[in-house]
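Okay, structure first, notes after.
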There are 2 protein chains.
Amino acid sequence: MSQADVASTRPLPPGISEAGFASAIDAFTAALGAEKVLTSDEDLREFRDPFQHAAWDEYTASAVVMPTSVDEIQAVLRVANERGVPLWTHGTGRNNGYGGPAPRVRGSVILSLRNMNRVLEINEELGYAVVEPGVRWFDLYEAIKAGGHRLMLSIADLGWGSVVGNTLDHGATYMPYGVDMGMQCGMEVVLADGTVMRTGMGAMPGNKSWHVYKRGLGPTPDQLFMQSNYGIVTKMGVWLMPYPEVYMPLWLRVWKDDDFAPLLDTLRTLMLDGTIRMVPQILNTVLLGSVFSSRSQWWQEDGPIPDSLIDRMARELEIGRWCMRFALYGDEAVVDHRFAKIKAAFERIDGAEVWGSKCAPEDIPNLEHPAERIQGGVPNLEWNNMTGWYGGEEGGHIGFSPVAPLTGRDGLAVRDLLRGMLHDAGLDYMAGVIPINARSFIHVAMVIFDTKNEAQARSAYAVTKRLVQEAAKQGYGEYRAHLDFMDLAADQYSFNDHAYRRFTETIKDALDPNGILSPGKQGIWPKAMRNGA
Amino acid sequence: MSQADVASTRPLPPGISEAGFASAIDAFTAALGAEKVLTSDEDLREFRDPFQHAAWDEYTASAVVMPTSVDEIQAVLRVANERGVPLWTHGTGRNNGYGGPAPRVRGSVILSLRNMNRVLEINEELGYAVVEPGVRWFDLYEAIKAGGHRLMLSIADLGWGSVVGNTLDHGATYMPYGVDMGMQCGMEVVLADGTVMRTGMGAMPGNKSWHVYKRGLGPTPDQLFMQSNYGIVTKMGVWLMPYPEVYMPLWLRVWKDDDFAPLLDTLRTLMLDGTIRMVPQILNTVLLGSVFSSRSQWWQEDGPIPDSLIDRMARELEIGRWCMRFALYGDEAVVDHRFAKIKAAFERIDGAEVWGSKCAPEDIPNLEHPAERIQGGVPNLEWNNMTGWYGGEEGGHIGFSPVAPLTGRDGLAVRDLLRGMLHDAGLDYMAGVIPINARSFIHVAMVIFDTKNEAQARSAYAVTKRLVQEAAKQGYGEYRAHLDFMDLAADQYSFNDHAYRRFTETIKDALDPNGILSPGKQGIWPKAMRNGA
């Protein structure tokens with residue numbers, strides 16, 4: 001890709017002149033109405049990567065269009081196809097840590113679906129909802145509550161995100177249906193040529209099983225529309241869990257950094273045998289401490305916090321060197337049995353403690369700890385405090401997120417690699433480990449920096465890029481990549497001369513020959529932009 | 001497609017001359033060796049649809065090639081691409097009820113992977129195996145046992161099937177990982193042009209999470225290779241479950257045909273709340289009775305067995321009007337709690353009974369009832385007796401298998417539709433209902449007939465085709481279709497002028513421009529064979 005033209009204040013889509021762009025905006029405006037086409041600097045500011053340094057503009061959009069219906073999306077696609085304007089789609093654009101709402105290609109027009117935000121159906125008997133892509137966790141939660149449904153929604157950490165958007169980016173949620181990201185069922189997709197397709201049983205008109213059976217007759221394309229640029233998802237089924245008799249949020253803390261290994265090995269055993277069936281989150285002292293304190297309380301120097309101070313944080317905040325949030329859901333007798341088993345298993349680790357309290361589902365909104373509400377499906381924004389670590393509202397983070405087998409060996413190997421390289425770069429090692437099933441975990445290293453400190457920001461980007469390559473050498477690949485190193489992360493998936501990339505390109509060219517949908521997303525480029533174009 | 005040429009004894013691939021075919025066989029032989037290329041009538045007989053009437057030859061192959069390595073598959077693909085020879089791929093070809101090993105296009109060369117049958121890895125710590133496509137349930141079970149692993153394999157009803165083949169055809173298995181057909185993780189696929197691709201984390205050389213994390217970076221193509229003709233799967237990861245403390249096979253019987261409705265509603269509640277977490281099978285009297293008796297014991301007339309006789313079968317075989325096989329797996333305390341809860345819930349249905357006995361995993365091979373071994377992961381062939389219903393070894397069946405929401409309303413609607421039309425055609429209504437998750441069931445109507453009785457066989461095919469259309473009108477679509485009505489079944493998935501079919505064709509043309517891989521599979525035809533070609 002060409003370098004950003006820093007001289008221009010208003011980026012243009014690649015290959016489009018000022019006049020051509022003005023004419024495209026006129027066409028978008030004619031199709032949607034002026035209030036759904038944003039072009040002012042002030043409007044566009046809201047659609048920047050919120051954590052990018054103010055002086056950088058490589059991922060800046062030229063305009064934002066905000067359709068509110070499938071018809072309007074089709075109209076946008078017609079204009080984009082005719083004029084070769086790249087569209088970068090998001091649900092709510094809260095993909096923070098990976099680029100937020102910003103497009104991979106400078107000058108793209110953002111296709112924001114924030115205002116296509118209806119909850120279309122909630123089915124209590126069969127336990128599912130159908131939502132449009134602008135529906136946030138907050139919105140769906142409120143709709144379930146307003147309908148009086150005794151159903152729980154597996155949510156992400158931050159309630160402002162899009163249910164569809166999080167799903168399409170392989171984002172984690174934490175209740176039982178979060179295991180293997182298993183809660184999506186049935187989609188409607190608008191393809192690049194404007195064709196509206198329904199997946200699974202939805203491909204049959206009037207079929208009753210669209211949102212209850214995950215496949216159809218023939219190949220199942222749903223996961224092809226995740227982490228890709230092959231279509232625009234306009235409806236999606238989401239499974240909801242009936243209220244259990246008891247919800248029991250649990251905590252585990254251990255006091256030595258190397259306890260991470262027996263913690264993971266014990267957890268694998270308890271997840272494999274079904275004792276724990278949800279998605280835990282294991283945080284190290286510095287990451288969990290960042291939710292409840294700021295760095296300057298502990299350490300005012302440059303460079304990573306010393307280990308002795310981390311021990312102090314662990315003790316004073318009472319969070320241990322690793323702290324796991326997790327939960328049980330079910331009949332009280334089963335929960336009691338499992339809690340006793342879990343406690344006995346983990347407390348074989350010297351000094352480890354497991355605790356928690358049972359709660360009726362109705363009482364979850366009143367729980368004090370935000371994590372206990374998150375795991376109980378009650379959305380909030382308190383987990384967002386992490387990014388304030390380096391002081392105030394200007395904190396940012398990028399996520400570096402490799403996947404590894406759920407073993408103590410792999411846990412220590414990933415920790416050592418990440419900690420070592422981050423410390424060498426002068427940054428803290430802030431680890432959020434998400435065992436997404438009984439066999440693997442996603443290790444989200446929150447690379448947190450002060451966005452006003454350009455040197456620190458550059459250092460964070462640079463070390464993360466080195467991490468992508470070093471982790472791959474050791475057999476660990478990213479589950480999701482930041483805009484700035486999507487290509488680099490995809491490069492690591494190079495088996496057989498990049499057979500997978502060639503496959504994704506073949507599909508891309510077949511489905512989107514003009515290359516208008518989110519070029520560059522997860523390293524998938526349309527033909528005209530490949531080969532150094 | 002053109003009609004079968006009944007005059008020819010040796011079918012040829014479409015558009016290929018006798019000489020061209022002879023030359024292709026020479027080329028296959030040069031690539032694989034003569035012992036891996038079968039052309040004799042005797043050899044080919046084994047690769048017919050075992051349930052097709054002897055006089056029919058519409059789905060007859062011209063030859064069989066049996067490569068045993070990826071290199072040999074690539075060599076076969078080179079020959080097929082150069083000469084335009086269609087290849088119909090199977091693992092073991094036991095897709096009985098849907099066409100067995102036979103190809104959709106008469107004269108296709110069967111690509112049989114029966115001899116590519118190595119168990120490549122069994123990982124006890126992380127609970128998975130990696131297998132080639134010729135590995136049968138029997139083989140993998142034996143390999144696990146031989147290795148002394150305390151791991152259980154979720155298996156299909158008949159042990160001779162291919163683990164990979166069953167997975168690729170969306171086949172059911174019954175243990176907890178059978179829910180939503182969730183046990184597959186990571187694939188190696190040979191594409192039509194010979195490219196070897198690995199999916200998920202396998203796309204990164206040396207990645208450690210290929211068979212423990214279900215996705216990769218970018219779109220996940222695994223389900224695109226199921227029920228399709230887009231590639232040849234050569235390796236697949238399969239999750240294995242650690243031995244539970246207790247296995248408890250369970251039975252439920254009810255005595256009135258309409259009890260099917262409260263049975264399904266109660267089951268949904270117990271599956272939604274996680275009390276039952278596996279894939280039950282609910283059989284009506286006639287189907288379950290066919291495993292343990294033959295029709296002539298009960299009824300010697302033409303036409304369907306009268307209801308009063310079904311009541312007699314229900315009593316004398318002690319199987320009820322509907323009988324559900326299911327099971328619990330887990331800690332004994334949890335199993336005990338769940339059994340009591342399940343028993344109380346179902347026995348609210350008048351006359352319903354639930355019973356079962358706990359068993360250590362080591363003792364499952366000694367269980368007398370084949371279903372209790374199947375649900376415990378010990379493969380056998382006893383369930384195959386069903387097809388002998390009309391007498392002797394010449395019994396056949398075709399499966400008609402719509403999907404419906406797991407509610408009593410939908411259960412009765414599907415039953416009434418199928419029973420009515422089958423009875424009108426003079427056939428028995430033999431129902432196997434498979435709740436594949438907490439929200440939906442697959443209703444396999446086993447349309448069983450005497451393969452020597454051509455009139456009965458024709459009637460079975462004819463009524464099944466009418467059922468495909470009538471079920472679709474009521475909102476129920478097939479999950480899998482027999483060769484003879486794959487096109488008809490796919491036709492029903494017509495939302496937005498067949499948008500899904502057009503999508504599958506776009507992908508087909510991009511991945512397999514010469515159209516050599518399994519043309520017609522699930523209604524997906526390559527370009528040259530579409531539009532009445």
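Note: hydrogens, waters and symmetry copies are ignored here, and every other heavy atom, side chains too, is used. All chains are named by letter (A, B, ...) in the order of the sequence lines, taking the proteins before the strands, and each is independently numbered beginning at 1.
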Close side-chain approach of B:Lys214 to A:Met181, heavy-atom, < 4.5 Å
no

Who among B:Val189, B:Asp273, B:Val196 has the most heavy-atom pairs with chain A under 4.5 Å?
B:Val196

If you measure from NZ on B:Lys473 to CE on A:Met204, what distance do you get to the nearest 0.5 Å?
12.0 Å

Heavy atoms only, distances under 4.5 angstrom: which of B:Gln522, B:Gln474, B:Arg439 has the most pairs with chain A? Name it, please.
B:Arg439

Residue from B:Arg277, B:Met241, B:His211 scoring the most non-hydrogen pairs under 4.5 Å with chain A is B:Arg277

Measure across B:Trp239 and A:Asn437 and return the closest heavy-atom pair with its distance rounded to 0.1 Å.
CH2-ND2, 3.5 Å

Select one option (side chain, backbone, both, neither) describing which atoms of B:Ile524 are under 4.5 Å from chain A's heavy atoms.
side chain

So which of A:Thr195, A:Thr275, A:Asp222 has the biggest tally of heavy-atom pairs under 4.5 Å with chain B?
A:Thr195

With the side chain counted from C-beta on, respond yes when B:Tyr479 and A:Leu217 share a heavy-atom pair under 4.5 Å apart, and no when they do not.
no

Taking the side chain as everything from C-beta on, heavy atoms only, tell me whether B:Leu126 gets closer than 4.5 Å to A:Ser440.
no

Heavy-atom pairs under 4.5 Å with chain A are the metric here; pick the option from B:Gly218, B:Ser209, B:Ala510, B:Ser228 that has the most.
B:Gly218

What part of B:His170 is in contact with chain A, defined as an atom under 4.5 angstrom from a non-hydrogen atom: side chain, backbone, both or neither?
both

Nearest 0.5 angstrom please: A:Asp180 CG to B:Arg215 CZ, how far?
8.0 Å

Closest heavy-atom pair, B:Tyr230 versus A:Pro219, reported as atoms and distance to 0.1 Å, is CE1-CG, 3.8 Å

What part of A:Leu191 is in contact with chain B, defined as an atom under 4.5 angstrom from a non-hydrogen atom: side chain, backbone, both or neither?
side chain

Can you find a pair of side-chain heavy atoms, one from B:Tyr500 and one from A:Thr199, that are under 4.5 Å apart?
no

Quick one: does A:Thr220's side chain get under 4.5 Å of B:Leu224's, heavy atoms only?
no

Side chain from CB out, backbone as N, CA, C, O: work out which of these in A:Ile436 comes under 4.5 Å of a heavy atom of chain B, or both, or neither.
side chain

Look at B:Pro221, B:Ala203, B:Ala499 and state which one has the largest set of heavy-atom pairs under 4.5 Å with chain A.
B:Ala203

Going by the angle between their ring planes, with limits at 30° and 60°, are A:Phe503 and B:Phe225 parallel, tilted or perpendicular?
tilted

Report, by ascending residue number, the residues of residues 402-410 of chain B in heavy-atom contact with chain A at a distance under 4.5 Å; give 'none' if the set is empty.
B:Val403, B:Ala404, B:Pro405, B:Leu406, B:Thr407, B:Arg409, B:Asp410

Answer with side chain, backbone, both or neither: which region of A:Leu240 has an atom nearer than 4.5 Å to a non-hydrogen atom of chain B?
backbone

Winner by heavy-atom pair count (cut-off under 4.5 Å) against chain A, out of B:Thr504, B:Leu511, B:Asn123:
B:Leu511

Report yes if some heavy atom in the side chain of A:Asp331 is under 4.5 Å from a heavy atom in the side chain of B:Lys341; otherwise report no.
yes

Quick one: of A:Lys521, A:Glu125, A:Gln492, who has the most non-hydrogen atom pairs under 4.5 Å with chain B?
A:Glu125

Would you give the length of the straight line joining atom OH of B:Tyr493 to atom CZ of A:Arg198, rounded to the nearest 0.5 angstrom?
14.5 Å

CD of B:Glu478 to CE of A:Met201: how many Å apart, nearest 0.5 Å?
9.0 Å

Only pairs of heavy atoms separated by less than 4.5 Å count here; which of A:Gly127, A:Gly206, A:Ala333 has the most with chain B?
A:Gly127

For B:Arg338 and A:Val334, work out which heavy atoms get closest and say how close.
NH2-CG1, 4.2 Å

Under 4.5 Å from a heavy atom of chain A, the part of B:Ile442 involved
side chain

Residue pair A:Met197 / B:Arg502, side-chain heavy-atom distance below 4.5 Å:
no

Write down the atom of B:Gly477, the atom of A:Asn207, and the distance for their closest heavy-atom approach.
N-ND2, 3.3 Å

